Amino acid sequence: MIRFEGVSKQFQINDQVIQAIDNVDLTVEKGEIYGVIGFSGAGKSTLIRCVNLLETPSSGKVWVNDQDIQSLSKENLREMRRKIGMIFQHFHLLESKTVFDNIGFPLSLAGEPKSKINKKVKELLDFVGLSDKANHYPDQLSGGQKQRVGIARALSTSPEILLCDEATSALDPQTTQSILDLLKRIQKEYNITILMITHEMQVIREICDRVAVMELGKIIEEGTIFDVFSNPQHVTTRNFVKTVMNDEIPSSIIRMIESKEGTKHIYRLLFEGNFAGDPILSMASKNHDVHTNILFGQITELQGKPFGNLIVEFRGEDSDIHKALEYIRETVGVKELNIDGC
Amino acid sequence: MDVKLTEFWPRILEATIDTLAMVGFSLLFALILGLPLGIILVVTRPGNLMENKLLFPVLNAIINFFRSIPFIILLVAILPFTRVIVGTSIGTAAATVPLVVFAAPYIARLVESSLLEVSPGVVEATEAMGARPWQIVFRVLVPEALSSLILNITIAVIGLIGASAMAGFVGGGGLGDLAIAYGYQRFETDIMIVTVLLLVLLVQLVQTFGNKFSKIIRRR
């Protein structure tokens, strides 16, 4: 478990004071995958470095497993760091060591016997699917393979927490997916708490349980993936959500609607959870004598639950439309739209 | 020219051994001094592992001071110091002292630049593993920089060969001494040509060996 309590960090660069993190409160529960998203410079990198004291907070407290990490002696901090694995955007492997020795390095630093290191490294090589690359050097590996080595290395000391610092940002989409699958498997099999920072909303959607959105050093929004994605509050959050769930009406359709005369009744229907049982639109249309015209639609899955939105134009008498909407509202969320977007 | 072959080659051989001894011993002592100094320069540098706002600038200035004195001046300037250390100011042993004073700060700088090439991210990753500072230095910085260190030390060795020839000017012995005493002052051109060729060969050998060794360490 990780808890930030009023954590702030200022950097002094020449005469300028830069507030990297600003009074952050955050709790990551044991065994969950927690994502922090933000643009570069939002302070998320500094935040994640406060967990293992690679950065020391200027004020506030960071608790790891109910221990105030800043109160630890140097020796105890080193002990604690062994329980916190970390992977990086640029992998940071030792170029002079083989894959095998890279993975065993943290154990070797901790003075573990060779036999134990060998056993653990073999197990991890197998787990990340690189058994055939044991004697290769990092510069003989692809980016995805390097990150697998990084992950295996981070797991070698059997940590309780895994910190992921933009772990997939240097990888192509397909490799990103395979690394995310691996992280998911790690969380399941080892029940590790994962704190990850990223600027890719797709990564958050894919594996996180909860998400915090960071901007200018502050957490501006926080919640479960479902809540944040289905109902983003802050404009920055909305922009992030948009990057993975496009909910804007294509401009060609807008032009088409605008070219028609008369009042337009266009609504956004939000589907959450188990809505698929009834043919809602069809029933509304039939029972209330309105015609529906679906302009745009998208359905995705969030944390195993379906989530979608349809943009529908209703045609018919105003009173009928009103009744039809009343009917639809019983099951799904309805929002009226202006033509110029949302 | 009346060079006797019976004297010529033994003299050349003796001078070559002197040069190798001078370079070898001064390299050894310069490494003993220069390696730790270079490491200290890196770790005490602002923002690094053991940042030290006093030690770094002082050491930096001292190294700059010695690096800025031309060798030929250093050679004579530290004669009294040389006498204290080895008891004499003439001969191969005496030449080793200024060579060490010349090469140690040089090596410290070369070591510094090699170690600085190691990615700070790798150092940070090692810190995150719970490594002790000395583990970071000896198990990350030095091994990661080793290939580059070897190339840089090769440069230092070649610098030392050149400097050792200069040390011959103050009676330090070796190939430089031979070239000046016989080749230059007595116009024995043969000796001049042979010594210069030998120096060229030596430098070639050192560089080739350094490149090979560095490549083996890099393993690619």
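Small disclaimer: the values here were computed from a predicted structure and weren't measured. So that the names make sense, note that chain A is the first sequence line, chain B the second, and so on, each numbered from 1.
Remark: B:Glu124 engages A:Arg49 in a salt bridge, criterion side-chain N to carboxylate O under 4.0 Å.
Within a 6.0 Å radius of CZ in A:Phe11, other residues, nucleotides and ligands contribute more than 12 heavy atoms. Surrounding OH of A:Tyr190 are more than 12 heavy atoms belonging to other residues, nucleotides or ligands, all under 6.0 Å away. Atom CD of A:Glu75 sits in a crowded spot, with more than 12 heavy atoms from other residues, nucleotides or ligands closer than 6.0 Å. For CD1 of B:Ile90, the number of neighbouring non-hydrogen atoms (other residues, nucleotides, ligands) closer than 6.0 Å is 12 at most. A 6.0 Å sphere centred on CZ of B:Phe25 holds no more than 12 heavy atoms belonging to other residues, nucleotides or ligands. Remark: B:Phe213 CZ is loosely packed, at most 12 non-hydrogen atoms of other residues, nucleotides or ligands lying under 6.0 Å away. For A:Lys184, the NZ atom sits in a packed shell: over 12 heavy atoms of surrounding residues, nucleotides or ligands are nearer than 6.0 Å.
Taking every heavy atom of both residues into account, A:Arg78 and B:Pro133 meet most closely at NH1-CD, 3.9 Å. Nearest heavy atom pair, residue A:His92 against residue B:Ala125, reads CB-CB, 3.8 Å.
Of the two parts of A:Ser156, neither the backbone nor the side chain holds a non-hydrogen atom closer than 4.5 Å to a non-hydrogen atom of chain B. If you measure heavy-atom distances from A:Glu79 to chain B, you find no contacts under 4.5 Å at all. The contact between A:Leu93 and chain B is made entirely by backbone atoms, counting heavy-atom distances below 4.5 Å. Residue A:Leu54 touches chain B through its side chain alone, counting heavy-atom pairs closer than 4.5 Å.
Residues A:Ser96 and B:Arg218 bring no donor and acceptor atom of their side chains to less than 3.5 Å of each other.
For the set A:Pro159, A:Pro106, A:Ala110, A:Gly150, the count of heavy-atom pairs under 4.5 angstrom toward chain B peaks at A:Pro106. Each of B:Ala128, B:Pro143, B:Ser147 has some count of heavy-atom pairs under 4.5 Å with chain A, and the biggest count is that of B:Ala128. Ranked by non-hydrogen atom pairs under 4.5 Å with chain B, the options A:Lys97, A:Met86, A:Glu95 are led by A:Glu95. For the options B:Gln135, B:Arg132, B:Glu144, heavy-atom pairs under 4.5 Å to chain A are most numerous at B:Glu144.
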Apply the test side-chain contact (heavy atoms from CB on, under 4.5 Å) to residues B:Met129 and A:Arg153: give CA-CA distance (whole Å), side-chain angles for both, the deciding distance (0.1 Å), then the verdict.
CA-CA 9 Å; B:Met129 292 172 202; A:Arg153 178 176 73 177; 3.4 Å; yes
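Between A:Phe91 atom CZ and B:Ser119 atom OG the span is 12.0 Å, to the nearest 0.5 Å.
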